[in-house]
Amino acid sequence: MNPLRKIWAEGRTSFDAFLSIPNSWSAEVMAHAGFDSLTIDMQHGMMDFQTTLNMLQAIGNTDTVPLIRLPWNDPAITMHVLDAGARGVICPTINSAEEVEALVSACRYPPRGFRSYGPLRATIKMGPDYAKMARQEVLVFAMIETATAAAELEAIASVPDLDGLFVGPYDLSVSMGLTNLADIYDPKLKEVLDRILATCKAKNLIAGIFTGKMEDAKTLAEWGFNHVSHTHDSAMLTEIAKAKVKFLKNLP
């Protein structure tokens, strides 16, 4: 079983970070830091499929669970990264139940879906019975990051075999016309977050979210989000590098 499911079954929150740097070494370093999972960001990150495969192999040296944020709701790339050993996908810009159905169908073997059989690396990592256990191994998240998706929340969450909803608060804020992006205390954004949490609870789905603020990660977990992604590798490198430079330039 996917280790993230065990964390959630125990009532704990899983903590994740996004990877935007196209490099297996940096991915391995991040994996050894101890995150429950890492999300290789094929949407906004700088990696192609070959680099993604190398990063999956690097993360595979640890207990960290590798997830993929897909570049789009495209069954070809979805099936490709799952065959390569990704243990879950997060799909951006979902706006309807029909789009969720297409996503889920690409992730599930028949009779539920139309995923083609060919789990080359997935079988090596998860065993010869992978196809039988893939429903428990592969996590499928639909991103809620538009005002349209927020309006269609009930229908989106009702698609069978979806595992969770993942909030993209920056795009959601832009779509809603909010001035302060990803401000979880903004009353309008907070109302949507509350509805997402309530819907996930009612539908037995995992509630996931991204935040760029460490203090917000704790708050979001306390509010009931089961899976919290905090920051990404590029932001961490930038923050630490600036702090080092500031210290060095202030030396006598």
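Remember, predicted model here, so these are calculated numbers, not experimental data.
Under the 4.5 Å side-chain criterion, counting only non-hydrogen atoms from C-beta, Leu4 is in contact with Asp36. Counting heavy atoms from C-beta on, the side chains of Cys91 and Ile94 come closer than 4.5 Å.
Using cut-offs of 30° and 60° on the angle between ring planes, the pair Phe49 and His80 is parallel. His232 and Phe210 have parallel rings, their planes meeting at less than 30° on a 0 to 90° scale where 60° marks the start of perpendicular.
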side-chain hydrogen bond (donor to acceptor under 3.5 Å, both in side chains), that's the test. Do Ser24 and Asn54 meet it? Break it down for me. CA-CA 6 Å; Ser24 59; Asn54 295 341; 5.7 Å; no

* Begin with the C-alpha distance, continue with both residues' side-chain angles, and end with the deciding distance and a verdict on side-chain contact (heavy atoms from CB on, under 4.5 Å) for Thr211 and Val228. => CA-CA 7 Å; Thr211 177; Val228 179; 4.1 Å; yes

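Here Lys6 pairs with Glu10 under the salt bridge (charged side-chain N to carboxylate O under 4.0 Å, His left out) rule; sequence neighbours left out.
Checked by atom type, the side-chain pair Asp233/Ser26 shows no donor-acceptor distance below 3.5 Å.
In this structure, Arg121 does not pair ionically with Asp83, as no charged nitrogen and carboxylate oxygen lie closer than 4.0 Å. A salt bridge is absent between Lys190 and Asp183: the closest approach of a Lys/Arg side-chain nitrogen to an acidic carboxylate oxygen does not fall below 4.0 angstrom. Arg108 has no carboxylate O lying under 4.0 Å from a charged side-chain N of Glu101, or vice versa, which leaves the two without a salt bridge.
Other residues, nucleotides and ligands contribute at most 12 non-hydrogen atoms within 6.0 Å of the CE atom of Met46.
Among residues at least two apart or in separate chains, there is no side chain to side chain donor-acceptor pair (under 3.5 Å) pair with a member in residues 235-245.
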